[in-house]
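Working notes for the structure below.
This chain uses plain numbering: 1 for the first residue, then up along the sequence.
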Amino acid sequence: MAAPGILRRQRIDVPLLITALLLTVFGLAMVFSAGQTDMPDKGLETLWQRQLAFFGVAVAATWVITRGSVRLIEWSAWPLYVMACVLLLLLQFLGSGAGTAASTKQWLTIGGVRLGQPAELAKLATTFMLARVLASQRDTVTSMRELWKPLLVVAVPWVLVLASKDLGTALTFIGICFAMLFWAGVPWPVLLMLASPGISLILAFSTGVWGAWFLILVALVLWYRPYLLEGVVLVVANVVMGVVAPLLWDKLKPYQQQRFLVFLDPSVDAQGSGYNVIQSQVAIGSGGLFGKGFTLGSQKRLNFLPEQQTDFIFSVVGEELGFVGVVVALALFLALFLRSTRIAVRAADAFPSLVAFGLMSAWFVHVLVNVGMTLNLMPVTGIPLPFFSYGGSFLLVSWLAVAVLLRISAEGRGQADALGL
């Protein structure tokens with residue numbers, strides 16, 4: 001009979017661990033490269049050393065979490081969630097921003113010292129809490145009113161993050177919410193109807209497009225036949241959003257309108273709001289097939305590329321490693337998503353399965369928005385790239401998520417072994 005230590009080692013999810021390590025090493029290399037500029041007085045050249053130190057802390061935290069159990073994680077959902085919401089509330093009074101997100105309140109700052117980013121902890125805590133609530137619902141969800149508990153769980157931190165003007169992180173909460181509701185078995189018509197007011201708000205800037213969408217929504221309501229009150233409220237809410245959207249546009253400040261217009265066409269303010277995305281596109285486009293070479297990107301070295309160590313680090317990958325480097329990076333992220341989903345499928349019960357899928361969805365939203373932002377396929381929102389962007393809080397939370405997935409995978413495989421599967 002094999003020794004217990006050997007069995008424990010055999011249950012380590014090696015593909016997940018190797019993928020996360022490769023992403024981290026890749027990211028450290030790019031943070032190092034981002035610091036190699038022709039203007040070293042910016043202080044970027046030492047950031048990779050700090051990132052490496054944070055990685056050391058993350059590895060220690062990962063080891064501690066993998067010694068625990070999924071049940072302990074489930075038990076900690078409530079206190080973690082409450083603590084995260086309290087920290088987000090404090091952020092409204094003691095918060096500060098940085099870089100492209102200077103107008104937001106992302107960092108909890110006391111006496112000029114940055115203590116961390118509460119929103120990163122909140123994403124983790126909200127995932128745990130939402131999984132706990134959804135796992136406790138035994139009956140199949142057939143209407144929107146049955147979702148008030150999980151929606152409330154997400155709404156509290158989402159509102160607090162939105163109050164901090166951190167749109168990128170707010171989008172992540174929405175992604176986590178809908179992904180976990182989908183994984184919990186909520187029917188797609190319910191999810192679409194739930195999202196419809198937001199869709200109406202976006203599409204209302206084109207009367208023809210909004211009209212077509214509204215007809216589709218009415219057809220969906222007539223086909224799915226929700227409760228009468230739900231159907232009426234849903235239709236009214238979409239009409240209100242369609243009417244309110246143009247009025248909201250007029251209420252926006254000029255710089256806010258400019259951001260939207262820049263997303264549609266960066267050249268309308270090439271030296272102002274559109275500068276970041278234009279330089280990002282130039283950097284990625286100039287990389288070609290194999291790139292200009294590690295640390296040799298001209299856009300980066302001359303500091304034309306904004307926030308090259310954080311929000312636009314993917315542009316450094318494109319410029320220096322070219323299309324091949326971009327494909328490798330995205331392939332590693334795809335491997336991470338697929339492995340996390342496999343862990344969710346093989347989890348021992350509903351709670352760990354939902355947690356695994358929720359963590360994967362948070363990473364997916366970050367990658368989708370960040371990469372899209374560098375290519376002007378998404379608005380610039382200041383959202384970092386997992387394992388790549390410089391930032392201790394984000395790297396630590398990313399590895400805490402890896403640790404939780406490793407623990408879920410180990411218990412899921414352990415149960416399968418016990419059952420002889």
Would the distance check show the side chain of [X] and the main-chain N or O of [Y] forming a donor-acceptor pair, the cut-off being under 3.5 Å?
{"X": "Arg301", "Y": "Thr295", "value": "yes"}
{"X": "His366", "Y": "Pro384", "value": "yes"}
{"X": "Gln51", "Y": "Val31", "value": "no"}
{"X": "Ser353", "Y": "Asp349", "value": "no"}
{"X": "Ser280", "Y": "Asn276", "value": "no"}
{"X": "Glu411", "Y": "Val70", "value": "yes"}
{"X": "Asn370", "Y": "Asp311", "value": "yes"}
{"X": "Ser33", "Y": "Met30", "value": "no"}
{"X": "Gln279", "Y": "Pro306", "value": "no"}
{"X": "Asn238", "Y": "Leu234", "value": "yes"}

> Out of Trp183, Phe337, Phe364, which one pairs with Phe357 under the ring pair (Phe, Tyr, Trp, His ring centres under 6.0 Å) rule?
Replying inline: Trp183
So which heavy atom on [X] is nearest to which on [Y], and how close?
{"X": "Thr172", "Y": "Val365", "result": "CA-CG1, 3.8 Å"}
{"X": "Asn376", "Y": "Pro266", "result": "ND2-CG, 3.3 Å"}
{"X": "Trp210", "Y": "Leu203", "result": "CB-O, 3.6 Å"}
{"X": "Ala131", "Y": "Val355", "result": "CB-CG2, 3.5 Å"}
{"X": "Thr169", "Y": "Ala119", "result": "CG2-CB, 3.8 Å"}
{"X": "Val367", "Y": "Pro386", "result": "CG2-CD, 3.9 Å"}

>> Quick check with a 6.0 Å cut-off and a 45 degree axis cone: is Arg145 positioned over the face of Tyr227's six-membered ring?
In response: yes
Quick one: are the ring centres of [X] and [Y] less than 6.0 Å apart?
{"X": "Phe173", "Y": "Trp158", "result": "no"}
{"X": "Phe387", "Y": "Trp363", "result": "yes"}
{"X": "Trp399", "Y": "Phe55", "result": "yes"}

> Passes side chain to side chain contact (heavy atoms under 4.5 Å, CB included), Phe32 versus Leu28? Steps please.
Replying inline: CA-CA 6 Å; Phe32 170 80; Leu28 280 168; over 6 Å; no
>> Between Val156 and Tyr81, is the side chain to side chain contact (heavy atoms under 4.5 Å, CB included) condition met? List the steps.
In response: CA-CA 10 Å; Val156 174; Tyr81 179 77; 3.6 Å; yes
>> Does atom CZ (Phe205) have a neighbourhood of more than 12 heavy atoms from anything else shown, all under 6.0 Å?
In response: yes
Counting C-beta onward and ignoring hydrogens, is there a side-chain heavy-atom pair between [X] and [Y] closer than 4.5 Å?
{"X": "Val190", "Y": "Met144", "answer": "yes"}
{"X": "Tyr275", "Y": "Phe304", "answer": "yes"}
{"X": "Leu162", "Y": "Asp166", "answer": "no"}

>> If you apply the rule side chain to side chain contact (heavy atoms under 4.5 Å, CB included), what do you find for Met129 with Trp78, and how did you get there?
In response: CA-CA 6 Å; Met129 193 64 213; Trp78 258 114; 3.2 Å; yes
>> Using side chain to side chain contact (heavy atoms under 4.5 Å, CB included), reason through Val404 and Arg407 one step at a time and then give a plain yes or no.
In response: CA-CA 5 Å; Val404 170; Arg407 187 64 253 166; 5.7 Å; no
In Å and rounded to the nearest 0.5 Å, what is the [atom1] to [atom2] distance from [X] to [Y]?
{"X": "Glu120", "Y": "Leu400", "atom1": "CD", "atom2": "CG", "result": "11.0 Å"}
{"X": "Ser389", "Y": "Leu395", "atom1": "OG", "atom2": "CG", "result": "10.5 Å"}
{"X": "Thr127", "Y": "Ile73", "atom1": "OG1", "atom2": "CD1", "result": "12.0 Å"}
{"X": "Glu74", "Y": "Ser136", "atom1": "CD", "atom2": "OG", "result": "9.0 Å"}
{"X": "Leu181", "Y": "Leu151", "atom1": "CG", "atom2": "CG", "result": "6.5 Å"}
{"X": "Leu160", "Y": "Leu89", "atom1": "CG", "atom2": "CG", "result": "6.0 Å"}

> Is the Phe388 ring parallel, tilted or perpendicular to the Phe26 ring (thresholds 30°, 60°)?
Replying inline: tilted
>> With side-chain hydrogen bond (donor to acceptor under 3.5 Å, both in side chains) as the test, pick out the partner of Lys300 among Gln308, Glu320, Glu319.
In response: Glu320
